[in-house]
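Side chains included, hydrogens not; waters and symmetry mates left out as well; all remaining heavy atoms used.
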Amino acid sequence: MADLASEVRRRRTFAIISHPDAGKTTLTEKLLLFSGAIQIAGSVKARKASRHATSDWMEIEKQRGISVASSVMQMEYRGCVINLLDTPGHQDFSEDTYRVLTAVDAALMVIDAANGVEPQTRRLLQVCRARNTPILTFVNKMDREVQEPLVLMDEIERELGMEVVPFTWPVGMGKQFHGVMDLREKQMRVFKPGQDRDRDNDEILAGLHNPEYSERFGLQYEQAEGEIALLTDAAPPFDRAAFLAGRQTPMFFGSAVNNFGVREVLDALVDLAPPPGDRVATQRRVHPDEPKFSGVVFKIQANMDPAHRDRIAFVRVASGHFERGMRLKVVRSGKELRPNTVVSFLSQRRELLDEAFAGDIIGIPNHGVLQLGDTLSEGEPLQYTGLPFFAPEMFRSVEVADPLRTKQLRAGLTQLGEEGAIQVFRPVAGSVLLLGAVGQLQFEVVAHRLEHEYGVKARIMPSRFQVARWVTCEPEDGGAKELQRFIDANQHRVAYDAVDAPTVLVEYAPELRAIESNWPKIRFHALREHAGLVFQKQLEG
């Protein structure tokens with residue numbers, strides 16, 4: 001199908017990643033602005049203002065000025081359909097970010113020019129490198145007093161283990177920031193502070209060695225000219241194959257809050273980022289331009305519209321052509337769906353869509369039928385791999401302040417657990433639910449959302465548990481019977497998670513080692529991929 005192949009070729013699906021406060025959500029907003037998707041950019045920092053970043057729609061995000069949930073935005077630019085995923089920068093929400101990175105074909109890394117490579121950037125880069133995800137780098141905040149660009153470039157190469165190829169180069173910094181030199185187009189874009197609107201009237205000066213530069217920009221230009229000469233001799237040429245393999249990153253400089261350097265990044269995403277590629281299922285490799293639809297649920301979000309208590313399953317289309325009302329099969333359960341209210345996103349704003357192609361992110365209203373990691377297909381029993389779940393590192397017990405609201409508490413936690421924003425465990429023995437998280441902020445967000453979205457004041461209290469491991473047993477070692485024997489013998493420390501996967505919870509690591517030696521046939525997992533199928537089969541025996 002020529003039409004299908006051409007639609008796939010014009011898709012670009014990428015995530016923006018960074019350490020907190022590097023300017024990621026601001027850059028997201030400005031990319032929407034430059035693509036024409038929005039007319040006025042919201043200020044991320046003006047927390048008391050009536051305007052907030054388009055990608056920060058949750059009430060707690062507006063109050064704190066941070067992103068705690070990934071958001072999805074679709075826009076068109078230069079004939080391409082761009083699916084942009086803004087991820088939480090805060091490390092307490094890294095699981096959400098890791099899962100989002102399984103749904104994209106490229107990543108845009110934002111680096112604060114004053115702080116360089118920060119811890120969360122390193123962690124996210126490891127995930128990208130493990131998946132060979134192509135990465136573009138945007139060095140932000142050049143209008144402030146920052147590190148020298150050559151120092152930054154060296155740090156990125158050293159810390160992240162990638163070759164860096166500058167596509168633009170700054171002339172000055174801070175109060176003496178005069179603009180960026182486009183090394184490929186051989187022209188300079190002159191900096192003027194100012195934000196909110198897309199300005200096509202930037203001053204462009206032709207040539208890398210225009211005599212006007214010295215007169216206007218003095219010492220800053222002379223320093224930049226010397227650095228560019230050094231780069232011309234020493235920097236590697238851009239190698240598209242190395243970029244697509246995640247071994248080389250093009251680098252851009254600018255100031256997102258001032259709308260500066262953003263257009264070059266948007267153009268590079270269209271020109272350099274790859275269209276959707278093959279995706280790996282357990283059964284086979286799936287090509288994006290195959291005629292049959294398939295897709296994978298990589299995120300579930302509750303209460304995007306609090307008035308309707310909705311749950312949206314975010315599906316990355318992996319192959320084929322989606323049409324509204326088509327029959328889809330949930331491979332894990334065998335259930336059939338005919339979704340008629342499928343939506344595309346501009347953060348919280350949605351539009352009903354009639355069709356979608358490989359690379360697109362679509363939202364399917366969901367009432368507990370879909371789980372994270374589920375594969376949807378037109379009937380073929382595919383199971384896409386790679387959606388990670390990590391064993392929690394912190395635990396809390398949760399009780400409702402008003403016993404009459406117990407039902408609402410359980411409903412709220414069930415939905416928040418389905419999102420994967422927090423892990424909810426139901427102990428085999430006892431009625432008090434347990435929450436597992438990577439960081440403290442997740443518990444605060446859950447308490448806030450329970451109160452404001454579900455009308456439940458919850459008491460979140462310390463728990464004695466500190467370590468969790470999912471447990472399985474291979475068929476040759478006794479399978480379901482041996483697993484059930486383990487659960488029966490350890491009822492006081494076994495709980496079930498959102499997909500009914502049995503989990504053992506202990507207070508100390510030595511206790512876990514003792515259990516492992518006593519139960520040699522049981523496997524203990526600190527990481528699971530979407531394991532609904534595996535655990536379901538084991539529990540059914």
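- Using a cutoff of 4.0 Å between basic side-chain nitrogens and carboxylate oxygens, D278 and R284 are not scored as salt-bridged.
- In this model, no donor atom of one side chain and acceptor atom of the other lie less than 3.5 Å apart for Q248 and D239.
- Contact record, Y384 with A318: OH-CB, 3.4 Å, taken as the closest heavy-atom pair.
- With hydrogens and angles ignored, the 3.5 Å screen pairs a side-chain donor or acceptor of K30 with a backbone N or O of V257.
- Not less than 6.0 angstrom separates the ring centroid of W470 from the ring centroid of F524.
- Looking only at distances, a side-chain donor or acceptor of Y213 sits under 3.5 Å from a matching main-chain atom of L205.
- Judged purely by distance below 3.5 Å, without hydrogens or angles, the side chains of H287 and S319 never pair a donor atom with an acceptor atom.
- The main-chain N or O of D374 is never found under 3.5 Å from a side-chain atom of Q383 such that the two would form a donor-acceptor pair.
- Under a 3.5 Å cut-off, the side chain of T503 and the backbone N or O of A501 do form a donor-acceptor pair.
- Taking T102 as the reference, nothing meets the side-chain hydrogen bond (donor to acceptor under 3.5 Å, both in side chains) condition, with sequence neighbours excluded.
- Looking only at distances, no side-chain donor or acceptor of N140 sits under 3.5 Å from a matching main-chain atom of A113.
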ring-ring contact (aromatic ring centres under 6.0 Å, His included) assessment of F253 paired with F138: CA-CA 6 Å; F253 291 85; F138 179 70; 8.6 Å; no
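- Under a 3.5 Å cut-off, the side chain of D360 and the backbone N or O of F357 do form a donor-acceptor pair.
- Without hydrogens or angle criteria, R10 side chain to G79 main chain gives a donor-acceptor distance under 3.5 Å.
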Residue pair E203, R216: steps toward the salt bridge (Lys or Arg N to Asp or Glu O under 4.0 Å) verdict: CA-CA 13 Å; E203 184 182 1; R216 286 183 59 179; 2.7 Å; yes
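- With respect to R189 and D182, no salt bridge is recorded, no charged nitrogen being found less than 4.0 Å from a carboxylate O.
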Derivation and outcome, ring-ring contact (aromatic ring centres under 6.0 Å, His included), residues F191 and H178: CA-CA 5 Å; F191 176 71; H178 298 302; 9.1 Å; no
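- The aromatic rings of F167 and F238 stand perpendicular to each other, their planes meeting at an angle above 60°, with 30° marking the opposite boundary.
- Salt bridge status for E444 with R449: absent, with no side-chain N to carboxylate O gap under 4.0 Å.
- Not a single ring-ring contact (aromatic ring centres under 6.0 Å, His included) links F14 to another residue, sequence neighbours left out.
- Ion pairing between a basic and an acidic side chain is recognised when a charged N comes within 4.0 Å of a carboxylate O; K175 and D143 show no such pairing.
- Side chain of Q147 to main chain of A114: a donor-acceptor pair is present (N/O by atom type, distance under 3.5 Å, no hydrogens or angles).
- A distance-only check finds no donor-acceptor pair linking the side chain of S294 to the backbone of L376 [under 3.5 Å].
- R12 and D105 are not joined by a salt bridge, as no carboxylate oxygen comes within less than 4.0 angstrom of a charged side-chain nitrogen.
- Checking side-chain atoms of Q220 against main-chain N and O of F177 turns up no donor-acceptor pair under 3.5 Å.
- Contact record, F243 with P250: CD1-CD, 3.6 Å, taken as the closest heavy-atom pair.
- For the residue pair E145 / Q176, no side-chain donor-acceptor distance below 3.5 Å is found, with atom types taken as modelled.
- Counting only residues at least two apart or on different chains, no ring-ring contact (aromatic ring centres under 6.0 Å, His included) pair has a member in residues 99-129.
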